[in-house]
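Here's the structure we're looking at; comments come further down.
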Amino acid sequence: DEIYDPQAVIDKWLAVWDELGTFEVDRTDNEPDRPRRYVVSMFAYPSGDLHMGHGEVFSISDAIARFARMRGAETLFPVGWDSFGLPAENAAFKRGLDPREWTYTNIETQADSFRRLGISFDWRTRLHTSDPEYYRWNQWLFLRLFERGLAYRDDAMVNWCPQDRTVLANEQVVSGRCERCGAEVVKRALTQWFFRISAYAQRLLDDMDRIEPGWPPEILTMQRNWIGRSEGAHIDFAIEGRDEPVRIFTTRPETLFGATFFVIAFDAPLAAQLCAPECRAAFETYVRQVSASTDIERLATDRPKTGVFLGRYAINPATGERIPVYAADYVLATYGTGAVMAVPAHDQRDLDFARTQGIPVQTVIDTGAADPARTGVATDGAGVLISSGRFTGQSDTEARAAIVADLTERGIGASAVTYRLRDWLLSRQRYWGTPIPIIHCDDCGQVPVPDDQLPVRLPESGYDLRPDDGRAPLASAHEWVRVPCPRCGITARRDTDTMDTFVDSSWYFLRYPNPDFTQGPFDPAEIARWLPVDEYIGGKEHATGHLLYARFLTKVLHDLGLLPFTEPMTRLTNQGQVLMDGKAMSKSLGNLVDLRSQIRQYGPDAVRVTMIFAGPPEDDIDWADVSPQGAVKWLARIWRLAVDIGSAAGTSEPTSNSATLRRDVHATIAETTALMTGKRLNVAVAQLMRLTNLLRKAVDTGPGPADPAVREGVEALVRMSSCFAPFTAEESWERLGHNPSVSDAGWPTPDPSLLAHDTTTCVIQIDGKLRDRLQVPVDIDETALRALALASATITDALAGRATTRVIVRAPRLVNLVTKH
Ligand code: ANZ
Ligand code: ZN
């Protein structure tokens, strides 16, 4: 007997799909009314072969793309690689290779694995961000931002990974450690390039309304918190012996009368400026101490609050009192204005610090709670103002408005909004990235590389990946660095930083529809056809990085008149992780499961089905808990059904059982369609497994393989299962006697007349003994049900001529025929 061999059919179908161009979209507008769908999976980073996580996300996204395609939409499902980045450089350094070699070899390996996994990409979209044809447009976009003041260079205290010798973005620092290598991150002052994403903070918040219906609420919440809008006021405090006032940001202006001291971030330049000469030594000692501690230590909540007196006094503009000025590390240089009015009675951090210094604690809002000066617990919450001059007796909300109005009138304050979102630090002191297209000239300053000289290509030789002086690799490429200034012609220097790879990934989905376009970063005609992305699939670890950057850049491009929309992705699906024994798979834990070996062992379809069936797409999968064996068996059963039906001779006459089967099949189609639409993919697979059992029974015990209802059911099963198990489905479709591809056969549509009634099982008894079961509409009436029962062939046989004295009907569940014995 022939058995199904999943390995044997792979090459056959890959060749057929290539030949037919099955997954290539129609690039003409010949069918203007046909809906279009643009499905994008976050692209892969080419570090070796595809891993199990790729298997998971591409199994999900491919099912979504295939479903859309079979439902009749022209569906673009593109493929590309996020191929710049540090791992290539590290691997190349370790092995003495060119990063190109490592990168492009891995890309080829992954491309082959994608094909062997049966992912329905349109390969004509293929792009690699490390190709000059791609990164040239990163440079072009950078220059457009530069022209608008949205790209700028500034001194910054940056997160520095001493091991990888590179700057890290805030998102790449996890609990004070480098996300990649785990080394403790230190702070360093460096001149860096930034994108002014902070200028878009409010729009990034406002536009969430538009994407709300299609994005997971969790991601929107994470973005909201990351942007961190705070409403409050700015207040200018005069400083004794200084002309300029110092501005603070507060969310509680109503507590102004309780501000008994003033704090400046220790690392804000202002702290050093304000420091009185007699306090300088103590201040410098403090700065050294704090700088030596890591972020891990500094952010620990149980850590005592420390700070140092600067020998200066500010004037509280409400009370006129002199209040001491401190430098401390619990105030952040990069948030608000880097300075705060400290109100120890109502802010716990301020109270903790005040108690170490013996600073007075003045309660100004009576909340009914015990005195913070005694308890050591700051009070917050609503209350009535006390000890607050003419505002005493007002509620906190009244007083808030009144005090801000007063300060505004006096010209020393105003309502203000602050965001936690920092500008995007995009420069990296690395080789394997997009060179920043700026030339530094002693006379002209920062000069953009003219558009017609793009791309600025990476030097292919004459550079050192790890220069001994600790500088950027590109700085060691002396030949490359030296160029004439485009403006004045004197010898000038190229910028030696490269761009964060999040620049590459913030717009790649715009170029996919036409990656060969040479007139600009993306083809406007194709943008009109495909964008925004209908379905975006990827991990939620990108919530506050990539997904925010992509939204930002889309808005900038919109403002430049280059895009007609302001949000890049209509719907977002997050997939979970693939774990092993409850832990993330990693080389260091030694628990890596290799995707290729799983495919070799079980076949691509079974691996895909196992991933999908393990749970909802957004849940993690523990590979130790699942067994691809079950999927292997299911797929073989589908194939066996197709073989049985395909080889059954003739067509038999429909029977009453076939009618029941048809209702079941069509109900399953309707149910599965709804589940696919709602992306409840695992439940959809469960439905298909149930349908497989049903059809097997119909083949084995009637109505039999030649019954048209059975064939209809098996064909529907094969078509639907092709979203998850494309090779098995193609092979089965062929065994059913059809031409390829099943992908062109369309998704089955349920017949509404068969769905008119939900059905239920009715038990037919004779003298209380079960004799038959009938599938009946739930709303069937007594007369109809009685007629059906009496017409059943099984019942007629069982009665064997006996007369019934009574028929008890309890619609829709039970009919009991009572006979005279
Ligand atoms: C006076 C005050 C009184 C405050 C009070 C709070 C409670 P969010 O909600 O996070 O925006 N603050 C301002 N800038 C700061 C900085 N750079 N580093 C650390 N803290 C800073 O918090 C805003 C509040 O955090 C501000 O309101 C300020 O303290 C402090 F009963 O001002 B508040
Ligand atoms: Zn010049």
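When a ligand or atom number is given, it counts from 1 through the structure's own listing order.
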Review point. Taking the six-membered ring for Trp, are F142 and F195 parallel (under 30°), tilted (30 to 60°) or perpendicular (over 60°)?
Key: tilted
Check your understanding: Identify the closest protein heavy atom to atom 18 (N) of ligand 1: which residue and atom is it, and at what distance?
Key -> L332 N, 2.9 Å
Point to revise | Lys/Arg N to Asp/Glu carboxylate O, E240 vs R312, below 4.0 Å | key: no
Study note, to complete from the structure: closest protein heavy atom to atom 2 (C) of ligand 1 is T250 OG1, 3.7 Å
Check your understanding: Which atoms of ligand 1 are found less than 4.0 Å from any heavy atom of R349?
Key -> 20 (N), 25 (O), 30 (C)
**Study point:** Selection from T251, V331, V343 by shortest heavy-atom distance to atom 24 (C) of ligand 1
**Key:** T251
Revision key, fill the gap. Ligand 1 atoms nearer than 4.0 angstrom to some heavy atom of Y330 are 19 (C)
Point to revise | Under-4.0 Å heavy-atom contact with ligand 1, by part of V340 that carries it | key: side chain
Practice item. Taking only Lys NZ, Arg NE, NH1 and NH2, and the carboxylate oxygens of Asp or Glu, determine whether D500 and R430 approach each other closer than 4.0 Å. Key: no
**Study point:** Heteroatom proximity flag, A339 to ligand 1, N/O under 3.5 Å
**Key:** no
Check your understanding: Is the shortest distance from a Lys or Arg side-chain nitrogen in R410 or D406 to a carboxylate oxygen in the other one below 4.0 Å?
Key -> yes
Exercise for review: For the pair E184 and R177, find out whether any cationic side-chain nitrogen is under 4.0 Å from an anionic carboxylate oxygen.
Suggested key: yes
Practice item. Enumerate the atoms of ligand 1 whose separation from the nearest heavy atom of S230 is less than 4.0 angstrom. Key: 8 (P), 9 (O), 11 (O)
Point to revise | Taking atom 29 (O) of ligand 1 as the reference point, the nearest protein heavy atom with its distance | key: D347 OD2, 4.0 Å
Point to revise | Ring centroid separation Y463 to W480 under 6.0 Å | key: no
Exercise for review: Counting heavy atoms only, name the option from R252, R229, M341 that's nearest to atom 5 (C) of ligand 1.
Suggested key: R252
Practice item. Salt-bridge test for R229 and E231: reply yes if a basic N is under 4.0 Å from a carboxylate O, no otherwise. Key: yes
Review point. Once rounded to 10 degrees, what value does the angle at the Zn ion (ligand 2) take between SG (C444) and SG (C488)?
Key: 110°
**Study point:** Short N-O contact, D207 and K555, less than 4.0 angstrom
**Key:** yes
Practice item. Answer yes or no: does an N/O atom from H346 fall short of 3.5 Å to an N/O atom of ligand 1? Key: no
Review point. Got an N/O contact under 3.5 Å between T255 and ligand 1?
Key: no
Review point. Between R420 and ligand 1, is there a nitrogen or oxygen pair with a distance under 3.5 Å?
Key: yes
Review point. Is the backbone of T306 close enough, under 3.5 Å, to the side chain of Y286 for a donor and an acceptor to pair up by distance?
Key: yes
Review point. Which heavy atom of the protein is the closest neighbour of atom 28 (C) of ligand 1, given with residue, atom name and distance?
Key: F249 O, 3.8 Å
**Study point:** Flag, side chain of T363 to backbone of I365, donor-acceptor distance under 3.5 Å
**Key:** no
